[in-house]
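For reference, the structure is listed below as structure tokens.
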Amino acid sequence: MAYWLMKTEPDGFSIDDLAERGREPWDGVRNYQARNFMRDAMRVGDEVFIYHSACKVPGIAGIGRVAGDSYPDPTQFDPDSKYHDAASKPEEPRWWLVDIDYVRTLRRLIPLTELKAMPAMEDSPLVRRGNRLSILPVTGGQWRAVLAAEKNKVGS
DNA sequence: GCCAACGTTGGC
DNA sequence: GCCAACGTTGGC
């Protein structure tokens with residue numbers, strides 16, 4: 001069982017949207033490293049931090065779970081989609097995705113500023129300046145540290 | 001809205 | 001295969 005973090009822009013798709021839908025195909029990822037994580041490394045049952053980026057208070061908002069094996073992202077073959085990729089062939093798809101199940105929303109959002117201050121997160125690409133990776137691995141220690149932080153300062 | 005950092009593209 | 005130009009990400 002591995003842990004991951006997946007970024008989303010809450011203006012487009014937030015943890016609340018995931019809660020409403022229950023399950024969501026994580027489409028539109030167009031970065032090779034992030035794609036490799038979904039296509040090759042993620043396993044059914046892996047748990048995922050859902051991270052809100054490019055918003056007023058970026059941070060970890062909730063938890064999801066990998067719902068199934070990876071499969072080709074259908075939006076790459078859809079000319080009407082903003083994720084359309086004319087260079088990708090159905091017999092050799094370039095972009096892959098996994099479905100993510102909603103697990104729960106954290107009792108409070110753990111802001112990036114707080115993550116940066118956590119010793120456990122020091123080695124995470126997430127807190128490194130200029131990091132643009134939208135899917136990244138999380139260690140067991142990092143996972144536990146964030147959940148421990150969730151219990152602090154409730155309602156503050 | 002700004003802009004630094006980064007990944008990708010394409011000319012050579 | 002180099003690398004400048006370009007487009008995008010994402011914190012601030």
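Side chains included, hydrogens not; waters and symmetry mates left out as well; all remaining heavy atoms used. Below, read A as the first sequence line, B as the second, and so on, with proteins coming before strands; counting in each chain starts at 1.
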- Item | Whole angstrom value for the distance that separates P of B:dT8 from CG of A:Asn31 | 6 Å
- In whole Å, what is the span from the CD1 atom of A:Ile60 to the C1' atom of C:dG10? 16 Å
- Message: Whole angstroms only, please: what is the NZ-P distance between A:Lys56 and B:dG1?
- Response: 15 Å
- Message: At a heavy-atom distance below 4.0 Å, what parts of residues 124-131 of chain A sit against DNA chain B?
- Response: A:Arg129, A:Gly130
- Considering all heavy atoms of both residues, which atom of A:Asp80 and which atom of A:Asp78 are nearest to each other, and what is their separation? N-OD1, 2.8 Å
- Sequence-aligned protein contact record of nucleotides 2-7 of chain C, with B where the base is within under 4.0 Å of a protein heavy atom and S where only the sugar-phosphate is: -----B
- Message: If we ignore hydrogens and angles and just use 3.5 Å, is the side chain of A:Gln76 paired with the main-chain N or O of A:Trp95 as donor and acceptor?
- Response: yes
- Item | Contact list for residues 46-81 of chain A, test ring-ring contact (aromatic ring centres under 6.0 Å, His included), sequence neighbours left out | A:Phe49-A:Trp143
- Message: Measuring only between side-chain heavy atoms, which start at C-beta, is A:Ile135 closer than 4.5 Å to A:Leu5?
- Response: no
- Message: With a 4.0 Å limit, can you tell me whether A:Tyr51 has a side-chain N or O closer than that to the phosphate oxygens OP1/OP2 of C:dG11?
- Response: yes
- Which residues in residues 110-120 of chain A have at least one heavy atom lying under 4.0 Å from any atom of DNA chain B? none
- Query: With distance as the sole test, does A:Gln142 use its side chain to make a donor-acceptor pair with the main-chain N or O of A:Thr139 at under 3.5 Å?
  - Reply: yes
- Query: What is the distance, rounded to the nearest whole Å, between atom OH of A:Tyr32 and atom C1' of B:dT9?
  - Reply: 11 Å
- Atom-to-atom span, CZ of A:Arg94 to P of B:dT8 - whole angstrom: 10 Å
- Message: Surrounding CZ of A:Arg104 (heavy atoms of other residues, nucleotides or ligands, distance under 6.0 Å), is the total greater than 12?
- Response: yes
- A:Asp46: salt bridge (charged side-chain N to carboxylate O under 4.0 Å, His left out) partners, not counting sequence neighbours: none
- What closest approach, in Å, do A:Arg108 and A:Pro111 show between heavy atoms, and which atom pair accounts for it? NH1-CD, 4.4 Å
- Query: Quick one: which of A:Val138, A:Leu115, A:Leu109 gives a side chain to side chain contact (heavy atoms under 4.5 Å, CB included) with A:Ile60?
  - Reply: A:Leu115
Please tabulate, one pair per line, all N/O donor-acceptor pairs under 3.5 Å involving side-chain atoms of residues 30-41 of chain A, not counting sequence neighbours.
unit_1: A:Arg30; atom_1: NE; unit_2: A:Tyr83; atom_2: O; d: 3.3
unit_1: A:Arg30; atom_1: NH1; unit_2: A:Asp73; atom_2: OD2; d: 3.1
unit_1: A:Arg30; atom_1: NH2; unit_2: A:Asp73; atom_2: OD2; d: 3.4
unit_1: A:Arg30; atom_1: NH2; unit_2: A:Thr75; atom_2: OG1; d: 3.0
unit_1: A:Arg30; atom_1: NH2; unit_2: A:Tyr83; atom_2: O; d: 2.9
unit_1: A:Asn31; atom_1: OD1; unit_2: A:Gln33; atom_2: N; d: 3.0
unit_1: A:Asn31; atom_1: OD1; unit_2: A:Ala34; atom_2: N; d: 2.9
unit_1: A:Arg35; atom_1: NH1; unit_2: A:Arg94; atom_2: O; d: 3.0
unit_1: A:Asn36; atom_1: ND2; unit_2: A:Tyr32; atom_2: O; d: 3.4

- Do the side-chain N or O atoms of A:Lys7 get closer than 4.0 angstrom to the phosphate oxygens (OP1, OP2) of C:dT9? no
- Backbone N/O of A:Ile110 and side chain of A:Glu150: donor-acceptor pair under 3.5 Å: no
- Message: In whole Å, I'd like the distance from the CG atom of A:Leu136 to the C1' atom of C:dG10.
- Response: 13 Å
- Integer-rounded Å distance: B:dT8 C1' and A:Arg35 CZ: 14 Å
